[in-house]
Amino acid sequence: MVAKSGRHFLQIPGPTNVPDRILRALARPTIDHRGPEFARLAREAIEGLQQIFKTTGPVVIYPSSGTGAWEAALVNTLSPGDTVLMFETGHFATLWKNMAARLGLQVDFVPGDWRHGVDPEVVEARLAADRSHAIKAVAIVHNETSTGVESRVAEVRRRMDEAGHPALLMVDTISSLASIDYRQDEWGVDVTVSCSQKGLMLPPGLGLNAISEKALLASKSARLARSYWDWEPMVKDNKAGFFPYTPATNLLYGLREAIQMLLEEGLDNVFARHDRHAEATRRAVQAWGLEVVCLNPDEYSSSLTAVMMPAGYDADGLRKVILERFDMSLGTGLGKLKGKIFRIGHLGDFNDLMLAGTLSGVEMGLAIAGVPFTQGGVAAALEYLSSK
Ligand SMILES: Cc1ncc(COP(=O)(O)O)c(C=O)c1O
């Protein structure tokens, strides 16, 4: 392996680049997680997360990846044999569906083409047809990281209300939280699932659930087996700033710093920054003569852009060239999109010049890999960035 100078460009759609401020916070000495200093840290982190999720309800923090937070959402609220309405928006929606089935839930999985988000009309129709209220939860992925397609959560909520159905609404915000507008309480979401390594700019290691009152109530009678993921001891101990088991102390230092950074910038500015970088990226893709995976402009993701390769060209071959020549990692195609697409992550700690570097790496890589395309994507992105 040849030694590389300069910084690696980590442009996968998470884990994202961890800013120096957070790295320094993570490097503080580990403290007693049953002492007073820790209680202050935990309370600040939890209160900060409530601002990020836009909720006044409890937020629990697991030492886990996002997959653990998925499991926590299901096992705390549902019972064996309950029906969950889920949508095949892509790879992650499919994995969550597989988990629900393995846990003993019945999944009504609405098929999809991996190029569209959840259709709110289908949500309403499915719920309206469910007169016996067999469906106990609607579980959707806000931002499908495998495709760069965003689902319209507020609209899904509105359609659920229109159907007058009591199902819980669960939303995976793993690649949208702190990058794309999200409002747990206003949108009436019952459980929001998220984690540390994307918009929160932290290393992997924290799984999050934001919980509504209705979900807490459901957890009192839910009968799926749960132990590690049980909300009850978490919520109880968190009130005093403690955890029922050893928390990820140093990640909480990082989390507190990340929240401070996001609030200093202002969440609306954070979202606008992501929207702008996403638009610049799409302009580059269009100028290259390539196609984005997302087919509906109302569902474009602001945290990543997934790009289709021309037929007969291998996306992972292109990614390999870009990694070897320019020390930049791009996201691979997942599941049935393996080899067919690559994904550009533009979320987290990111600015105009980082985007310019990222798109330059892609444009040079396309040329080196011999992929048919038109030069000028970087120029199109720069023109947009300098005019806005
Ligand atoms: C939308 C979405 N959901 C769930 C997951 C799974 O999270 P983890 O890999 O942290 O377990 C990911 C991972 O990238 C994701 O993007």
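Counting convention: from 1, in listed order, for ligands and their atoms alike. Residue numbers start at 1 and run along the sequence shown.
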Only distances under 3.5 Å count here; give the side-chain donor-acceptor pairs of residues 232-245 to other protein atoms, sequence neighbours excluded, each with its distance to 0.1 Å.
from	atom 1	to	atom 2	distance (Å)
N238	ND2	M234	O	3.3
N238	ND2	F242	O	2.8
Y245	OH	Y228	O	3.0

- Query: Do D316 and K338 meet the salt-bridge criterion of a basic N to acidic O distance under 4.0 Å?
  - Reply: yes
- Query: Ring centres of H346 and H274 under 6.0 Å apart?
  - Reply: no
Scan the side chains in residues 177-184 for donor-acceptor partners under 3.5 Å anywhere in the protein, sequence neighbours excluded, and list what turns up.
from	atom 1	to	atom 2	distance (Å)
D181	OD1	R183	NE	3.2
D181	OD2	R183	NE	3.1
D181	OD2	R183	NH2	2.6
Y182	OH	T192	OG1	2.7
R183	NH1	E186	OE1	3.4
R183	NH1	E186	OE2	3.2
Q184	OE1	T192	OG1	2.2
Q184	NE2	V189	O	3.3
Q184	NE2	A210	O	3.4

What does the contact table look like for ligand 1 (nitrogen or oxygen on each side, cut-off under 3.5 Å)?
from	atom 1	to	atom 2	distance (Å)
ligand 1	3 (N)	D172	OD2	2.6
ligand 1	10 (O)	G66	N	2.8
ligand 1	10 (O)	Q197	NE2	2.8
ligand 1	11 (O)	S65	OG	2.6
ligand 1	11 (O)	G66	N	3.2
ligand 1	11 (O)	T67	N	2.8
ligand 1	11 (O)	T67	OG1	2.5
ligand 1	14 (O)	K198	NZ	2.7
ligand 1	16 (O)	T145	OG1	2.5

- Message: Taking the six-membered ring of F342 as reference, does the cationic atom of R319 (NZ for Lys, CZ for Arg) lie under 6.0 Å from its centre and within 45° of its axis?
- Response: no
- Query: How would you list, by chain and number, every residue that makes a salt bridge (Lys or Arg N to Asp or Glu O under 4.0 Å) with E155, sequence neighbours excluded?
  - Reply: R158, R159
